[in-house]
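Input: a single structure, listed below in structure tokens.
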Amino acid sequence: MNTNNAHHRESLTSIGQRRIEAVKSKSIYVLPNAFTAAALFSAFYGIIAAMNEDFLAGAIAVFFSMLFDGMDGRVARATHTQSEFGVQMDSLADAVSFGVAPGLIIYEYTLKGLGKIGWAIAFIYCLCAILRLARFNCNVGVVSKNYFQGLPSPAAAALVCGFVWLGVENHFPAWLLQYQAEIAAVVTLYSGLTMVSNAPFFSGKSYAVVKTIPFWVIVVAAVLFIVISSNTSLSIFILMCIYALSGFAYGFWCWWTGRPNPIQADIAAAMAAEAEAATDEKAA
């Protein structure tokens, strides 16, 4: 009798734990979602600022959106307040922060002068950002966390808004000013199409890599920090250009050395695992 009661109490405990986990997974946690809301607000403010022709404030607002977006996930993990609601809210906020906002800001800044081509390029950028985020959500657990599949949307937004910031502060040579709209079109189109590519971009999420960083990297990082502080807009734009090209450079290096593209290798492995599982299910 006592044994049956013990089993009964144990089963009730496990049921209660499962219910608690189910509630937690669907709960709305204030702290991490507040950072997501702050990221969305920054992007929305950036759009309003661009509509009022305050392009510097609009571009910087997107960078603040990037800052808040980078904090919400870390806060959720640190406080153990991850939830499916938070994941979906973050993804929708990213679509506005790194898709709609940068596209509208650079359109209002200079692409407007290209007429229909200008707004078409801005729309292509927005569409690619949405596709990039949707693909990322579908490939969670498929693609390794060491690399991004295509240019991450925050980096694409930084490249586009960095161009706006650079232009507002008049860092372009005088002979390039007449081609500013055309250059903006190339930057915007490149950022959008690179987001939906399979180029492997280093993510920095591998703790094994972080633990093995040599001392010279820290020195270089310190020097870069000083350079960025002295000329923020130009330094950020140059760094974003280097990162936006790094994925294709690494993909070419993999091809040249005969190594598989890590993104395509992960996808092929996932497809092979699915095919094997389907075969086993049919055989059973």
Using the side-chain contact (heavy atoms from CB on, under 4.5 Å) rule, take Arg132 and Phe148 through it: C-alpha gap first, then chi angles, then the decisive distance, then the call.
-> CA-CA 10 Å; Arg132 166 70 173 77; Phe148 290 117; 3.7 Å; yes
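- Across Val62 and Ala101, no two heavy atoms sit closer than the pair CG2-CB, 4.3 Å.
- Partner of Asp94 under the side-chain contact (heavy atoms from CB on, under 4.5 Å) criterion, chosen from Ile130, Thr36, Asp69: Asp69.
- With a 4.5 Å cut-off between side-chain heavy atoms of Ile, Leu, Val, Met, Phe, Trp and Tyr, the cluster of Leu133 takes in none.
- The shortest side-chain heavy-atom distance between Tyr147 and Ser203 does not fall under the 4.5 Å cut-off.
- To the nearest 0.5 Å, atoms CD (Gln178) and CD1 (Ile183) are separated by 9.5 Å.
- Residues Tyr125 and Met195 are in side-chain contact: their nearest non-hydrogen atoms beyond the backbone lie under 4.5 Å apart.
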Show me the side-chain donor-acceptor pairs of residues 236-243 shorter than 3.5 Å, one per line, residues at least two apart or across chains.
residue	atom	partner	partner atom	Å
Tyr243	OH	Phe202	O	2.9

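- Membership of the apolar cluster around Trp256 extends to Phe252, Trp255, as traced through chained side-chain contacts below 4.5 Å between ILVMFWY residues.
- With sequence neighbours excluded, the residues satisfying ring-ring contact (aromatic ring centres under 6.0 Å, His included) with Trp253 are Tyr250.
- In this structure, the side chains of Phe248 and Thr194 come closer than 4.5 Å at one or more pairs of heavy atoms.
- If you chain together hydrophobic residues whose side chains sit under 4.5 Å apart, Phe41 and Met66 never meet in one group.
- Phe136 and Leu40 fall into different hydrophobic clusters, where Ile, Leu, Val, Met, Phe, Trp and Tyr residues are linked whenever their side-chain heavy atoms come under 4.5 Å apart, directly or through other members.
- Listed by chain and residue number, Phe64, Ser65, Phe68 satisfy the side chain to side chain contact (heavy atoms under 4.5 Å, CB included) test with Ser42 (two or more places apart in sequence, or in another chain).
- Closest heavy-atom contact between Pro152 and Phe201: CD-CB, 4.3 Å.
- Between Ser153 and Phe98, the closest heavy-atom pair is O-CB, 3.6 Å.
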After noting the C-alpha distance and the side-chain angles of Ser91 and Asn137, does the key distance pass the side chain to side chain donor-acceptor pair (under 3.5 Å) rule?
-> CA-CA 8 Å; Ser91 182; Asn137 293 338; 3.0 Å; yes
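- Distance check, rounded to the nearest 0.5 Å: CG of Leu56 to OH of Tyr109 gives 10.0 Å.
- From Leu151, atom CG reaches atom CG of Leu245 across 9.5 Å, with rounding to the nearest 0.5 Å.
- Partners of Phe35 according to the ring-ring contact (aromatic ring centres under 6.0 Å, His included) rule, which considers only residues two or more places apart in sequence or in another chain, do not exist here.
- No more than 12 heavy atoms of other residues, nucleotides or ligands sit less than 6.0 Å from atom CD1 of Ile117.
- Leu189 and Leu176 fall within a single hydrophobic cluster, where Ile, Leu, Val, Met, Phe, Trp and Tyr side chains are chained together by heavy-atom contacts under 4.5 Å.
- In terms of heavy atoms, Ala59 sits closest to Cys161 at CB-O, 3.5 Å.
- Closest of all the heavy-atom pairs between Ser97 and Ala43 is CA-CB, 3.4 Å.
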Below 3.5 Å, can you tabulate the donor-acceptor pairs from side chains in residues 164-171 to any protein atom, sequence neighbours excluded?
residue	atom	partner	partner atom	Å
Trp165	NE1	Glu169	OE2	3.0
Glu169	OE1	His171	NE2	3.3
Glu169	OE1	Ser233	OG	2.7
His171	NE2	Ser233	OG	3.4

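- The distance from the CD atom of Gln180 to the OG1 atom of Thr110 is 5.0 Å, given to the nearest 0.5 Å.
- Taking the ring-ring contact (aromatic ring centres under 6.0 Å, His included) definition, one finds that Tyr107 meets it with nothing, sequence neighbours left out.
- Residue pairs satisfying the salt bridge (Lys or Arg N to Asp or Glu O under 4.0 Å) criterion with at least one member in residues 100-112, sequence neighbours excluded, are listed as follows: Glu108-Lys112.
- Surrounding CZ of Arg135 are more than 12 heavy atoms belonging to other residues, nucleotides or ligands, all under 6.0 Å away.
- If you chain together hydrophobic residues whose side chains sit under 4.5 Å apart, Ile121 and Val160 fall into the same group.
- Of all non-hydrogen atoms in Gly103 and Ala122, the two that sit nearest each other are O-CB, 3.6 Å.
- Cluster membership for Trp119 and Ile105, using ILVMFWY side-chain heavy atoms within less than 4.5 angstrom, is shared.
- Residues Asn33 and Asp72 form no side-chain contact, since every pair of their non-hydrogen atoms from C-beta on lies 4.5 Å or further apart.
- With sequence neighbours left out, Phe172 forms a ring-ring contact (aromatic ring centres under 6.0 Å, His included) with Phe163.
- Phe123 forms part of a hydrophobic cluster together with Leu127, Leu131, Val196, judged by ILVMFWY side-chain heavy-atom separations under 4.5 Å.
- More than 12 heavy atoms of other residues, nucleotides or ligands lie within 6.0 Å of OH in Tyr190, so this atom counts as buried by the packing criterion.
- Phe44 belongs to a hydrophobic cluster whose other members, connected by ILVMFWY side-chain contacts under 4.5 Å either directly or through intermediates, are Ile47, Ile48, Met51, Val100, Leu104.
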